[in-house]
Amino acid sequence: MKRSFIFIMLFFVGIAWFCADIKAEDFYINLLKEGETFYKEGNYELAIKNFKIAEFGLIEDRENLIELYLFYSISHFKMGRIEETRKIVDKFKKDLNINDLSTLNIPQSIKDDFQILISTLFKTKGIKKRGSQKIQLNKIYEFESIFRDSLENLKHNNLKEAEKNIKRLKKIDKKDIRIQYLNGYIDFKKKKYDSSINRLSKVYSSIEPEFKDDIFYLLSFSYYKTGNYGQTLAFFQKISKKEIQNRLNDIVKEVIQKREKIINKIAMNISDKKQLKEAVREFVGDQFLFADILKKVLKVKKDDVQSIVSLVNQCVKISKTYNLEFILNTIDYLEQENRIEPGIEIMKKSRFYESTNKDHIEFFYRLGQIYFKNKNFKKAMSQFLKVHKLEKKYKKTDYYIDKINNI
């Protein structure tokens, strides 16, 4: 009887604690929601007080904590408190292990504000003096707001408003590369694809990651419109977001079919130099093109060694866009056919021969092996020493060096 009573008491105590815990969690979530209401009303000071208390109770609630930090940071930002804002944003990395803020699912109502916040933090990182920081903050905030407004105008084809905004942006900071991005975007909208390519090519490598996928999309589409299919594919492959890639699927499918068609034509008539030049012109920058042509040729005309050597020499001569795979596959083939001399000549003509790049170490190693087989030990030693300098113990380099020294 006593045991049953103790058990019942413990059960009800547990229920009481459980209910208290639920009420406590509800209390902190309510504080979060009230804080968001204060934020929407522009009462940022009260919002901050709510968020500060709510953070304590939601520290183990990842989903609500993400939402809290978003509104908490923007509230401080709206009050002009840059350092406090920075500390809260840093909590995404420290407390939640979120290193890439672009992966956050940000509510649409605060998306632009948060993006402006992040850009402003980045721009004000090195500013230490209080007075200077306030002036710079106002300037940056104005630029960011006008810039975001310009992007929205462009997305809705309101080009005149976007162009007016660009004039305002130039007065604030004419050196900001995002102005070039906007101009390239406008050219794209006006179907001035060459001009768009020219502008966007100058900024995509140094612009903030947030805009890269959109620029890659604009460049891929623009190159397609100008008939440069190699760069169409190259920039398509740079896009990381699947939903942006999907917008180019029909174009890319068409380009891949064109590429396959021209590869097959060259493989069936490898002596037609005109066809090869046409392929290079249409697929500028496609470093896999020649390697894929060679693979196809070796499937259909493997026995025509002389024509294949001629084709490879033509490839090396007319373009520097071939990759290392193309040269090494050629050498593999020629060694199998016991045609070492043409292989050496091709390697000497290639752009890798004078290279000192470690990425090309296999080229030097293979050339050393070929010289060794051809009993040209002096030249073989030169290549193996080059390999040894770039990376000690690479494959059988030490073996070949010892062998040559003992000859």
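The structure presented is a predicted model; accordingly, all values stated were derived computationally and were not measured.
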Under the criterion side-chain contact (heavy atoms from CB on, under 4.5 Å), I'd like the reasoning laid out for Ile370 against Ile331: C-alpha separation, chi angles, the key distance, then a yes or no.
CA-CA 9 Å; Ile370 291 170; Ile331 301 312; 3.3 Å; yes
Let's go through Glu163 and Lys190 carefully: what are the C-alpha distance in whole Å and the side-chain angles of both, what is the deciding distance for salt bridge (Lys or Arg N to Asp or Glu O under 4.0 Å) to 0.1 Å, and is it a yes or a no?
CA-CA 12 Å; Glu163 286 170 337; Lys190 290 180 176 179; 2.8 Å; yes
Please step through side-chain contact (heavy atoms from CB on, under 4.5 Å) for the pair Phe147 and Ile166, ending with a clear verdict.
CA-CA 8 Å; Phe147 172 72; Ile166 288 172; over 6 Å; no
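With salt bridges taken as basic N to acidic carboxylate O contacts below 4.0 Å, one links Glu325 and Lys295. Salt bridge absent: Lys139 and Asp173 never bring a charged side-chain N and a carboxylate O closer than 4.0 Å. Under a 4.0 Å N-O distance rule, the pair Lys78/Asp113 qualifies as a salt bridge. Ion pairing between Lys167 and Glu161 fails under the 4.0 Å rule for side-chain N and carboxylate O. Comment: Glu337 does not engage Lys302 in a salt bridge, judged by the lack of any side-chain N to carboxylate O separation of less than 4.0 angstrom. Salt bridge annotation for Lys33-Glu67: present, with a cationic side-chain nitrogen under 4.0 angstrom from a carboxylate oxygen. Using a cut-off of 4.0 Å between Lys/Arg side-chain N and Asp/Glu carboxylate O, Lys238 and Asp213 are scored as not salt-bridged. Under 4.0 Å is where a charged nitrogen must lie from a carboxylate oxygen, and between Lys49 and Glu55 no such pair does. Ion pairing between Arg259 and Asp292 holds under the 4.0 Å rule for side-chain N and carboxylate O.
A cation-pi arrangement, defined by a distance under 6.0 Å to the six-membered ring centre and an angle within 45 degrees of its axis, is present between Lys396 and Tyr399. Geometrically, Arg351 engages Tyr322 in a cation-pi contact, judged by NZ or CZ lying under 6.0 Å from the ring centre and within 45° of the ring axis. For the pair Arg178 and Phe211, the NZ or CZ position fails the cation-pi test of under 6.0 Å to the six-membered ring centre and within 45 degrees of the ring normal.
Close placement of the Phe77 and Tyr141 rings is indicated, their centers lying within 6.0 Å of each other. Ring pair Tyr229/Phe236: centre-to-centre distance not below 6.0 Å. Checked against the 6.0 Å centroid criterion, the rings of Phe384 and His388 do not qualify as a close aromatic pair. Checked against the 6.0 Å centroid criterion, the rings of Phe188 and Phe221 qualify as a close aromatic pair. Between Phe372 and Phe377, the gap from one ring centroid to the other is short of 6.0 Å. The six-membered or imidazole ring of Tyr204 lies near that of Phe235, with a centre-to-centre distance under 6.0 Å.
For the residue pair Asp214 / Tyr185, no side-chain donor-acceptor distance below 3.5 Å is found, with atom types taken as modelled. Side-chain N/O atoms of Glu254 and Tyr224 include a donor and acceptor closer than 3.5 Å.
The nearest pair of heavy atoms linking Val89 to Ser73 is CG2-CB, 4.0 Å. Closest non-hydrogen pair, Ser222 versus Ile197, comes out as CB-CG1, 3.6 Å. Between Ser75 and Tyr44, the shortest heavy-atom distance links the atoms O-CB, 3.9 Å. The two residues Asn50 and Gly35 have their closest heavy-atom pair at ND2-N, 3.6 Å. For the residue pair Asp187 and Ser195, the shortest heavy atom distance occurs at OD2-OG, 2.7 Å. Leu289 approaches Ala279 most closely through the heavy-atom pair CD2-O, 3.8 Å.
Proximity of Lys261 to Gln257: side-chain heavy atoms (C-beta onward) are nowhere separated by under 4.5 Å.
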